[in-house]
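The structure under discussion appears below in the form of structure tokens.
Keep in mind that what you see is a predicted model, and the values were worked out from it rather than measured. Atom set for the values below is all heavy atoms of this structure, side chains included, hydrogens, waters and symmetry mates excluded.
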Amino acid sequence: MALKSLTMPLQLGGPALAGCLLLAGAAFAETPCSTRYDEARKTRSEAASSAAASECGALAKRGDPLGQLNLGLLKLDGIGMPQDVAGGVELVRAAADAGLAAAQTRLGRMHLRGDGVAADLGTAAEWFERAANGGDPLAQYELGQLRYTGLGIARDNYEAYRWFSAAAANFARLGNEPRRKLAERKQASAAAQLPAEERARADRWVAEQLAR
């Protein structure tokens with residue numbers, strides 16, 4: 001289910017990435033690595049942390065993006081191994097470069113906050129746009145925020161409304177009510193600044209993607 005941006009793409013070193021509006025399930029599939037990672041994050045126990053480092057490390061060595069992302073996050077937080085910010089960032093970036101939307105979103109947020117990398121709103125916007133086109137609802141929400149405020153990217157109420165709408169739809173599909181409600185509040189704020197025909201155009205775009 002491919003989509004094309006309705007605006008000029010950001011310069012990302014190549015053609016703009018197309019992806020699904022709906023959340024890409026493969027990126028979040030249950031694997032021993034992801035299961036161990038979740039356990040380690042929740043419990044911080046030595047056994048769970050060691051198991052996560054082992055499972056995700058083996059996956060990352062095979063070049064698997066999800067393994068790279070999870071191992072990178074373990075390194076960033078020092079879970080199951082000594083904290084290694086530089087090594088963690090390198091792994092997250094490798095997963096993002098490989099096209100994993102979750103990693104692209106994480107890297108975008110890191111640049112947004114200056115967390116382990118240089119704070120750079122323009123770079124954050126680039127990664128959010130990649131991940132948003134890849135179907136990540138958090139990236140869709142973050143991109144909507146930047147479009148709404150004009151931070152790091154041109155201010156555009158239509159684009160803000162479109163991405164907030166996509167995020168709300170995806171959060172609803174995931175059953176994430178708190179984030180759905182937040183996205184819908186932002187969606188309403190952007191909608192108040194748009195003509196009815198532009199809201200309708202964005203609504204049709206979202207409905208068309210959901211119907212595919």
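- Linking Ile, Leu, Val, Met, Phe, Trp and Tyr residues whenever their side-chain heavy atoms come within less than 4.5 Å places Leu71 and Leu73 in a single cluster.
- Ion pair Arg180/Glu184 flagged as a salt bridge, since at least one NZ, NE, NH1 or NH2 atom sits closer than 4.0 Å to an Asp/Glu carboxylate oxygen.
- Two residues are said to be in side-chain contact when any heavy atoms from C-beta on lie closer than 4.5 Å; Leu138 and Arg109 meet this criterion.
- In this structure, Arg106 CZ and Asp136 CG are separated by 12.0 Å, a value rounded to the nearest 0.5 Å.
- In this structure, the separation between CD on Gln187 and CG on Leu182 is 11.5 Å, given to the nearest 0.5 Å.
- A donor-acceptor distance shorter than 3.5 angstrom exists from the side chain of Arg199 to the backbone of Leu194, with no hydrogens or angles considered.
- For the atom pair OH (Tyr161) and CZ (Phe164), the distance works out to 12.0 Å, reported to the nearest 0.5 Å.
- For Glu46, the CD atom counts as loosely surrounded, since its 6.0 Å shell holds 12 or fewer non-hydrogen atoms of other residues, nucleotides or ligands.
- With rounding to the nearest 0.5 angstrom, the CG atom of Leu112 is 9.5 Å from the CD atom of Gln145.
- The line from CH2 of Trp127 to CG of Asp97 is 4.5 Å long, rounded to the nearest 0.5 Å.
- For Ala95, the side-chain contact (heavy atoms from CB on, under 4.5 Å) partners at least two apart in sequence or on another chain are Pro65, Gln68, Leu69, Leu100, Ala103.
- In this structure, Arg155 contributes its side chain and Tyr148 its backbone to a donor-acceptor pair below 3.5 Å.
- Side chain of Gln83 to backbone of Asp77: no donor-acceptor contact under 3.5 angstrom is found.
- Counted by atom type alone, Gln140 and Asn170 present one or more donor-acceptor pairs between their side chains at under 3.5 Å.
- Contact annotation: the side chain of Thr31 never approaches that of Asp64 to less than 4.5 Å [non-hydrogen atoms, C-beta and beyond].
- For Ser49 against Ala40, the heavy-atom pair with the smallest separation is CA-CB, 3.8 Å.
- The closest side-chain heavy-atom distance from Arg41 to Ile79 is below 4.5 Å.
- Evaluation of the side-chain hydrogen bond (donor to acceptor under 3.5 Å, both in side chains) test over residues 110-124, restricted to residues two or more places apart or in two chains, returns Asp120-Thr123.
- The structure places CG of Leu59 at 8.5 Å from CG of Asn70, a figure rounded to the nearest 0.5 Å.
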Pair Glu159-Arg162, salt bridge (charged side-chain N to carboxylate O under 4.0 Å, His left out): steps then yes or no: CA-CA 5 Å; Glu159 284 297 296; Arg162 185 166 74 100; 2.9 Å; yes
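- Counting only distance, with no hydrogens or angles, the side chain of Arg147 and the backbone of Ala154 share a donor-acceptor pair below 3.5 Å.
- Pairing each heavy atom of Ala125 with each of Leu143, the nearest pair is O-CD1, 4.2 Å.
- Heavy-atom minimum distance, Ala53 versus Gly80: CB-O, 4.0 Å.
- Take Tyr37 and apply the ring-ring contact (aromatic ring centres under 6.0 Å, His included) test, not counting sequence neighbours, and it matches no residue.
- The cationic atom of Arg179 (NZ for Lys, CZ for Arg) does not lie both less than 6.0 Å from the six-membered ring centre of Tyr141 and within 45° of the ring axis.
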